Each structure stands twice: as structure tokens, then as C-alpha cells.
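Since the structure comes first, as C-alpha cells, the remarks are kept for the end.
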2 protein chains.
Amino acid sequence: MLTRLSRLRKSKKWSLQYTADRLGIAKSTYAGYESGYREPPLETLKKLADLLETSVDYLLGRIDNPAFYPKAWKVELHDKLKLTEARTRFDVELILDGAPLNEEEIKQCIAFIRTKRKLDTND
Amino acid sequence: MLTRLSRLRKSKKWSLQYTADRLGIAKSTYAGYESGYREPPLETLKKLADLLETSVDYLLGRIDNPAFYPKAWKVELHDKLKLTEARTRFDVELILDGAPLNEEEIKQCIAFIRTKRKLDTND
DNA sequence: GAAAAAGTACGCGTAACGCGACCATATTCT
DNA sequence: AGAATATGGTCGCGTTACGCGTACTTTTTC
């Protein structure tokens with residue numbers, strides 16, 4: 001059930017003991033979660049998602065993207081596109097006619113809109 | 001802990017009994033989840049999120065948006081921007097210098113990129 | 001206003017959880 | 001290399017807390 005825990009923990013180079021300490025539980029208890037031998041209470045599950053910087057839905061195998069997800073769907077146009085939300089930032093792609101906009105196309109769009117806006121305010 | 005269950009269930013106009021039946025558990029068992037008296041096993045928690053069309057993270061109070069979230073961060077440029085993913089679609093905004101792109105600006109960007117791409121392929 | 005359904009609370013039997021203890025393997029240190 | 005320490009993994013026991021039936025109150029339906 002929670003086999004994804006092991007991967008995420010190792011990606012952070014944490015030991016079972018360290019992780020268990022941060023959760024305030026015994027090493028054997030946490031090991032039980034990773035092996036699927038036991039299930040954690042919901043409060044511990046939330047702490048795990050916090051520690052490992054992912055979603056509970058990912059830990060449970062309900063989604064496949066380990067990155068946490070945004071609360072607001074706003075995309076800022078810089079050189080790189082960023083999806084902004086409260087916790088962190090995610091890379092996104094803009095697709096047009098099936099092909100993603102490359103960096104240069106995005107820059108050109110940005111310049112295009114900026115000059116357009118400047119013209120609209122100066123008359 | 002799971003007080004959001006009650007809201008979501010009522011918004012679907014389901015009774016405790018009906019919900020419990022769909023989960024394959026006793027009414028009193030499910031009632032225990034809503035009241036916070038008991039916690040469901042993780043498998044049941046996932047089923048609940050499926051039934052109520054939300055995320056486990058929302059049920060646990062970890063995020064405030066009950067809508068499910070995307071699996072892939074891809075934005076398709078049409079007249080309206082859409083964030084595409086497996087389950088459903090979300091409206092998004094493109095922000096430039098703090099101001100969102102309006103529909104006309106997006107259309108102009110689309111036309112701009114299309115002509116640019118046509119030029120690149122025809123030489 | 002009776003009957004049915006819905007919501008709520010409790011007690012019992014039992015499944016499953018948390019922990020310490022233990023061992024095998026891997027890593028670190030002198 | 002060999003001792004010392006840390007790590008990953010498993011097991012058994014005591015205890016927690018879960019699932020269900022049951023009973024009771026409140027609400028809805030006719």
C-alpha cells in the first residue's frame with residue numbers, strides 16, 4: 001500500500017530511524033508502513049506527506065505525480081513558465097496545435113504582449 | 001478529522017446508509033468516520049475520495065480546494081486556456097507583469113506563434 | 001399521526017497497531 | 001583488517017481501537 005514511502009525517503013537520504021524520529025514513532029513502526037505490514041493513522045500519514053513534500057494521494061498511489069499540487073491555477077509568464085501556488089512552483093508547458101511552445105516562442109509572446117500593452121496605454 | 005465527509009456527502013444528497021452500502025461497510029462504521037469517532041483504513045479512504053470525487057488531501061484537511069487536481073501540467077492554448085489532465089479540466093490564467101492576459105491577447109499570441117511556425121517550416 | 005428512514009451513541013469481540021527486542025548486513029573509524 | 005556503530009528488516013506481546021449489531025432519538029414520508 002505505501003511502497004512509495006521507501007523511494008521518497010531514500011531520495012532524501014534519510015534512514016528509517018531518522019524518519020521515525022521526525023514522526024515521533026518507533027523505527028519498527030515506521031518500517032511496518034514501508035513494508036506494507038502496517039498502516040499509519042491519518043495524522044501520521046499527513047505528517048509523512050509534509051515531511052516528504054508530496055501529497056497523500058501520491059503516497060496512496062492515487063496519482064502518479066509526486067509533486068504537490070497548486071491551490072490556484074495561475075501561470076506566470078517569465079522566461080520559464082511557472083505555475084504559482086502557496087507551497088512551491090511547478091514547471092508547466094504551453095501547448096499549441098499539439099506542440100509545446102519553446103523558450104524562444106514564449107519570450108517572443110512576452111515581448112509581443114508587452115509592446116501591445118504599452119501601445120494601448122499611450123493613446 | 002474527517003468532518004469534510006459530511007459536507008460532501010450531503011452535497012450529493014446521500015444518506016449514511018447509502019454511502020456505507022457503496023463502501024461495503026456498516027452504517028455505524030461510516031457514521032464513526034464522519035463524527036471523527038473512528039478512522040477508516042487507507043483503502044476505504046481512497047474509495048471515499050473516489051466516490052465523492054475529491055482528493056484524499058482535501059478529506060484530510062490538507063488542502064482547501066475540493067476539486068481533484070491534474071496529473072500533468074500541460075496548458076493548451078485555445079480561445080480559452082485549459083489545464084489538461086486525465087480526469088477533468090481547469091480554467092487557468094496566464095499572468096504577465098502582474099496582469100492576466102485577456103482573451104484577445106491570448107488569441108493574438110496564438111496567431112503570432114502560428115504564423116511564426118509556418119514561416120520556420122517554409123524555408 | 002403512524003410508518004419508514006435517517007442520524008446518533010454504545011458495548012462487545014476481535015483485528016491490527018505500537019513498541020521493544022533481536023538479528024543480519026552495511027558502513028564508519030582507528 | 002577488525003571493532004564499533006548504524007541500518008534495514010522481522011517477530012511476539014500487550015494494548016489500542018476498529019467493525020458491527022443493536023438500540024434509541026429525530027426527521028421525513030404518506
Side-chain angles (χ1 to χ4, degrees), chain A residues 1-69 87-88, chain B residues 1-69:
Chain A
M1 172 101 276
L2 288 171
T3 52
R4 284 176 168 174
L5 282 180
S6 180
R7 250 182 201 286
L8 286 174
R9 173 179 61 82
K10 285 170 184 165
S11 76
K12 290 197 176 293
K13 303 194 175 174
W14 292 350
S15 68
L16 292 174
Q17 185 67 62
Y18 175 79
T19 312
D21 287 347
R22 293 204 56 176
L23 292 168
I25 60 177
K27 178 186 69 165
S28 60
T29 300
Y30 175 74
Y33 302 154
E34 280 200 1
S35 67
Y37 181 57
R38 294 282 155 83
E39 289 191 351
L42 302 188
E43 197 55 51
T44 303
L45 190 63
K46 283 166 64 177
K47 276 191 201 168
L48 270 168
D50 285 340
L51 279 178
L52 298 172
E53 299 175 289
T54 187
S55 66
V56 174
D57 288 274
Y58 177 77
L59 292 180
L60 297 180
R62 217 163 158 264
I63 57 170
D64 291 327
N65 190 334
F68 208 83
Y69 41 81
R87 283 172 174 259
T88 175
Chain B
M1 173 99 277
L2 289 171
T3 52
R4 283 176 169 176
L5 282 180
S6 181
R7 250 182 203 286
L8 286 174
R9 173 179 61 83
K10 287 171 183 165
S11 76
K12 290 196 177 294
K13 305 196 175 174
W14 292 351
S15 68
L16 291 173
Q17 186 67 63
Y18 174 80
T19 313
D21 287 346
R22 293 205 56 176
L23 292 167
I25 61 178
K27 179 184 69 166
S28 60
T29 300
Y30 174 73
Y33 303 155
E34 279 200 3
S35 67
Y37 180 59
R38 292 284 155 82
E39 289 191 352
L42 303 187
E43 197 55 51
T44 303
L45 190 62
K46 284 166 63 177
K47 275 191 202 169
L48 270 168
D50 285 340
L51 279 179
L52 298 171
E53 298 176 288
T54 187
S55 66
V56 174
D57 287 274
Y58 177 76
L59 291 180
L60 298 180
R62 216 165 157 262
I63 56 170
D64 291 327
N65 190 335
F68 207 82
Y69 39 83

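Below, chains carry the letters A, B, ... as their sequence lines are ordered, and counting in each starts from 1. On a predicted model such as this, the values are computed, not experimentally measured, just so you know.
In this structure, A:K27 places its NZ atom 7 Å from C1' of D:dG8, rounding to the nearest Å.
Non-hydrogen atoms lying under 4.0 Å from DNA chain C are contributed by A:T29, A:Y33, A:Y37, A:R38, A:E39, A:P41, all within residues 29-44 of chain A. Taken residue by residue, residues 3-15 of chain A places no heavy atom nearer than 4.0 Å to DNA chain C.
Formation of a donor-acceptor pair under 3.5 Å by the A:D57 side chain with backbone atoms of A:R62 is not found in this model.
Interatomic distance, A:L48 CG to A:Y33 OH, rounded to the nearest 0.5 Å: 8.0 Å. Distance OG/A:S15 to CG/A:D21: 7.5 Å, rounded to 0.5 Å. Taking OG1 of A:T54 as the start and CZ of A:R4 as the end, the distance is 8.5 Å to the nearest 0.5 Å. Taking CD of B:E34 as the start and NZ of B:K10 as the end, the distance is 6.5 Å to the nearest 0.5 Å. For the atom pair A:L2 CG and A:E39 CD, the distance stands at 7.0 Å (nearest 0.5 Å). In this structure, CG on B:L16 lies 11.5 Å from OG1 on B:T29, to the nearest 0.5 angstrom.
Of all heavy-atom pairs spanning B:S55 and B:A49, the tightest one is C-CB, 4.1 Å. For the pair A:T19 and A:R9, the tightest heavy-atom approach, listed with the atom from each and the gap, is OG1-CD, 3.2 Å. Heavy atoms only, all atoms of each residue included: A:K12 and A:L51 are closest at CE-O, 3.5 Å.
The nearest heavy atom of DNA chain C to A:G24 and to B:Q17 marks one nucleotide each, and the one closer to the 5' end goes with B:Q17.
Here chain A contacts DNA chain C (any atom closer than 4.0 Å to a heavy atom, that is under 4.0 Å), and the contacts span C:dC17 to C:dA21 from 5' to 3'.
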